[in-house]
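Single-structure report; data block below.
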Number of protein chains: 2
Amino acid sequence: VEWRDGRLAVDAQFSVALLGPEDRRISGARLRLLERLAARTAFELLPARAVAPETASLLVRVREAGPALPALGDDESYRLEVGPTQAVIEAPRALGVLRGMETLLQLVEGDREGWFLPAVRIEDRPRFPWRGLLLDVCRHWMPPEVVKRQLDGMAAVKLNVLHLHLTEDQGFRIESRRHPKLQELGSDGLYYTAAQARELIAYAAERGIRVVPEFDMPGHATSWLVGYPELASAPGPYEIERRWGIFDPTLDPTRETTYAFLDGFIGEMAALFPDAYLHIGGDENNGKQWNANPAIRAFMERRGLADTHALQAYFNGRLARILARHGKRMVGWDEILHDDLPRQALIQSWRGPGFLAEAARRGHPGILSWGYYLDLMHSTERHYAVDPLPEGSDLTPEQAARVLGGEACMWSEWVGPETIDSRIWPRLGAIAERLWSPAGTRDVADLRRRLGLESVRLEDLGLTHELGPARLLRRLAGAGAPASLQLLAAVLEPVEDYNRGRLFEAVRGRRATQRLPLTRLVDAVRPESEAALKLGDGVTELLLDAPRFLAARATLREAFAAWRDARPGIERLIDRNPTLEEARPLATSLESLGATGLDALGYLAAGVEAPESWRSQALVRIDAAAVPHGELELAVVPALRELVVAAASLGRAGQLDAQGFRAWVAEQARPAPQPRR
Amino acid sequence: VEWRDGRLAVDAQFSVALLGPEDRRISGARLRLLERLAARTAFELLPARAVAPETASLLVRVREAGPALPALGDDESYRLEVGPTQAVIEAPRALGVLRGMETLLQLVEGDREGWFLPAVRIEDRPRFPWRGLLLDVCRHWMPPEVVKRQLDGMAAVKLNVLHLHLTEDQGFRIESRRHPKLQELGSDGLYYTAAQARELIAYAAERGIRVVPEFDMPGHATSWLVGYPELASAPGPYEIERRWGIFDPTLDPTRETTYAFLDGFIGEMAALFPDAYLHIGGDENNGKQWNANPAIRAFMERRGLADTHALQAYFNGRLARILARHGKRMVGWDEILHDDLPRQALIQSWRGPGFLAEAARRGHPGILSWGYYLDLMHSTERHYAVDPLPEGSDLTPEQAARVLGGEACMWSEWVGPETIDSRIWPRLGAIAERLWSPAGTRDVADLRRRLGLESVRLEDLGLTHELGPARLLRRLAGAGAPASLQLLAAVLEPVEDYNRGRLFEAVRGRRATQRLPLTRLVDAVRPESEAALKLGDGVTELLLDAPRFLAARATLREAFAAWRDARPGIERLIDRNPTLEEARPLATSLESLGATGLDALGYLAAGVEAPESWRSQALVRIDAAAVPHGELELAVVPALRELVVAAASLGRAGQLDAQGFRAWVAEQARPAPQPRR
């Protein structure tokens, strides 16, 4: 990026000219660009004006259209130059134009003179060729329009692979004409027809996005067996699984009829999904049905297969031959790695970069998903720090080249069509940047600033990450004023990792199922609390930056006072909505945190070290506030803990410089490790 | 309604049993009821439990299913009884069950004991049999999903007619297989296919809603003539009209080929739309093309047709015969009324209840739309006051029975799919109540309370009246904090009546077109400012109710202080978004109103009459703040004017009682009539 002086006005005459071969993708992207610009500026930019190249506001020059369907390794590079009279996007292939247009839309800004593009010269291409999002459309069904809006968002952040997880214990989500009982009995009628799948593939291709389908086997296969119990390793009948977890039903790898069935099915899917890669899953086969079946045990003995892992390797070998026959390359999860696995099989790693490196050393291409699980409710910062090729990797250049990128994963046990957007966006933008931009781009504060901007633009594409939670909160508030509930929701986060299911089970005494409505407070709360991030910043400013002490203190005091006073309003809502009952202790904790925060500010402002008795009591209150309720946590607890420690350690502040004191406080405020919940 | 003691718990075991004939509509409504209850309570109510009638939470008893398609005059009555162990809905026909279920969903509430239905006995049936919403899908195209969510909302407020305005100068929105150039050349590709129309009709029928199609002729017909210029009364070629207004292109009523064409077209549409009524428009034919065409003038002379109105009556007579041949009854706007019009033709009146009464006296059934135009941005209260059969009507019972109800009209010059919901909802709920409930139900305060509750439930049906404006405001705020803009937007209203177009033209020097993006501040502002309503209540309380003076003053003071201080924040946003530039004077006015309001409160609190100089200057400032900008008005101006008058008239307050003073202030604060903008 080379910033220059000057600007190009974006006005009511903004126009786009195309030079180079005709291409549907480019003309479609031009139309969408004008639509998005028109919506933002309220100029009547459509229908698009026909203009000469030299007078166009934006000139797009492409050398060749390139293949109509996106493929791994496509040239996505582009050059964007904004000068005082014209912006130019140049790209070797159509895909580069698409990427460059997204950059251009990010550059548009306004001031009192009008809308404009700042003068700049950008040369851009991706660091990794495989940059994806896995959508689990099985645990909860996602209708085509939900997928389409994710594709729009993906295109905006320059991702290029949609991985559709199409089969699971809980649902078989793709139409097979050859084996129709798969979807007829395995899906509750909720699946993509072949026509819908083709439409999604075309929609993705227009945006330069590949669609890689996954058919998970031999485990995670209950829904296959409802219609075809004869494929199972234990006698049926089978029903669609409604709970979450790892289940026993597994395809029988010892019978030729299984492979005949799979050959037919994969042939059909290979024709439907044009991408060169096809994902066979291969994860979390617990081997129980295999070990319990004497015929299968006998088969293993006959073949000298030492354990179920070896048997699965045998199964994968057979599958590899079927895939090869249908012209597809295999993708599978870590578990498929085995000495017998053909070298070209691609490993998708949920285990981590170390495992991926190991696969690369053994000759396999691979992509990283560990660290990119959006369902685990981790922070943007945490995802952003994860790199498929971490600094200090000891891979040779040849091995490193096998690490092709990564995929964020949106597993859907706890999300439905109404809530999935708020779980994906805008955090996915950070992962997309990790996979596109140079490894050295790591400034978290700058990322947060840019992601805030991008989040608004993503909303304009139809994504519901802002709308969805707001609607759920209004529903929960009902007739009442939602302000106090919004205040509480803003400082809450869903519990991380797999704790939601654990806590649900612990509190309710039963496992959650597919039928549980996802309309509780926890579903209305964003994975990352902006308010908590800002509060953390405020505490840092307060402790580090003497000149800004007063401003920071005023902001924090306002927040704390609002928390201290919010409980009665929240309780009025809870009293009218039993679904909110689980939030009652959180409202009490918020009040207590507010009061404690105000105390701490008082000591800090007076420059009087808080007494030890106050410190210990405050920390007890904070520990109480740290306990999750309704699968939710108060995300502001760590910042409060720091403030209390700081207020009670002013003596120490005298001995250290600000930086040193800040670090010392952070260290002291780290809570003692808790026993695993 | 008879309220009783006690309640019926709505818990995780809530179940519904159906007694009576099997009916798709009832079983569908049962499923939707359980889905909506589940979403609200977060109980796993689906799949529906099979229960014995005596143990069901809700027992539905229906005598006969009734005809599968809804028709005018259907029995929609029901009885709902909630007792301590069971709720029962009884209805003669399926439609009554649907209406009763909506009432039941409105009754659900929660408290610390849980969710419940209060014990009650309700006997209910509609006052009018024709209760509709007209959707203009021509000026701006509305995709099927937009229509479907309106149907869901209509069902919730017990409306029973969707009037689709399908043809206009600006677009021909229905597929004709017989005359395909109608939609191919007249719609930019934006029309309902026959299959989509059938799907909408079925979706509506499942909710007990009729679909009445309108094909507007002989005027408003430009889009017909793009493909078939030979139908016109002046030589072509024609293009789709992009501007708003009344245009000349008119069908030629003198040629037999016109009637042959229409016979074919209406025959096709009569087969597609099953309702007994078909709307032929008939409005706003300016007669220019007819008067300018010698052949048409000669035809009129030959037939002894005195003027274009007589010629249109001739045309309508021919049309009536065509409709009769295809088994349809005619509906048309006021203009079709003529002595030669067959008595059974139904008049839809945009002129008012007086005209409707005249039609009824002349034997015609009729429905009212005057007073129900949602595009005019009138207040809920104003719509609610309009009655198709106003008190004191001098119609005989037989004539009065011809007044069948009314239809709200959502003309779409200034709304698109993103904004239409916020223009329709929740105001349509008030009109729906006027048409269903007894004429005596007129308590506006109670309506507002109930509409607030209903608005949240309507949102759960997928309506975007809350989400849409919020998203537009976020887009306008961009990276900036939207709070100050939200504050401003909350006290603004779009200008009323047809002033939006007038002001647009006056300011921009050109007419608005179909291509204008509807993404400006005026599009993000609700038709009725809740904040202004509350402020008005506050002023009334302040002036009337001495005991609550202090509370009201505190609320008002907080609001005024926020206005006074909002300008810098708003201007920071304007400085970064040129689209907002038009709001700059509004921000200044808001600041000025805030300061003026604080002054007035000061005088009132001190009991000191404000000096005349202050009064006159304050009123000048308020008059300045009353000037529209960006097609927007500050809706709080009238309340501020009252406050200023009151503060400067405390001497008068001493002479009058509170009620008298309040009335006197309201009278004094009425602004002088303005010259028409």
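Here is how names work: the chains are called A, B, and so on, in the same order as the sequence lines, proteins then strands, and each is numbered from 1.
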Note to self: Quick check for you: among A:L453, A:D575, A:L580, which has the greatest number of heavy-atom pairs under 4.5 Å with chain B?
What the structure shows: A:D575
Check: Out of A:L467, A:T464, A:T519, which one racks up the most heavy-atom pairs below 4.5 Å with chain B?
Finding: A:L467
Which heavy atom in [X] sits nearest to a heavy atom in [Y], and how many Å separate them?
X	Y	value
A:R471	B:G462	NH1-CA, 4.0 Å
A:R475	B:D460	NE-OD1, 2.7 Å
A:A42	B:L516	O-CD1, 4.2 Å
A:G114	B:P578	C-CG, 3.2 Å

With a 6.0 Å cut-off (strictly less than), is the heavy-atom count around [atom1] of [X], excluding the residue itself, greater than 12?
X	atom1	result
A:R32	CZ	yes
B:K148	NZ	yes
B:R49	CZ	yes
B:E199	CD	no
B:E145	CD	yes

Next item on the list: Among A:R576, A:R584, A:E571, find the one that has a side-chain contact (heavy atoms from CB on, under 4.5 Å) with B:R112.
Entry: A:R584
Notebook entry, point to check: For A:R40, is it the side chain, the backbone, both or neither that has a heavy atom under 4.5 Å from a heavy atom of chain B?
Noted result: backbone
Next item on the list: Can you measure from OG1 (A:T41) to CG (B:N577) and round to the nearest 0.5 angstrom?
Entry: 9.5 Å
Next item on the list: Report yes if some heavy atom in the side chain of B:W115 is under 4.5 Å from a heavy atom in the side chain of A:T579; otherwise report no.
Entry: yes
Notebook entry, point to check: When you look at B:E44 and A:R242, which way does the salt bridge (charged side-chain N to carboxylate O under 4.0 Å, His left out) test go after all the steps?
Noted result: CA-CA 12 Å; B:E44 295 169 65; A:R242 303 297 176 185; over 6 Å; no
Next item on the list: Check whether B:A39 gets within reach of chain A through its side chain, its backbone, both or neither, counting any heavy atom under 4.5 Å.
Entry: both
Check: Going by an N to O cut-off under 4.0 Å, is there a salt bridge joining A:E459 and B:R474?
Finding: yes
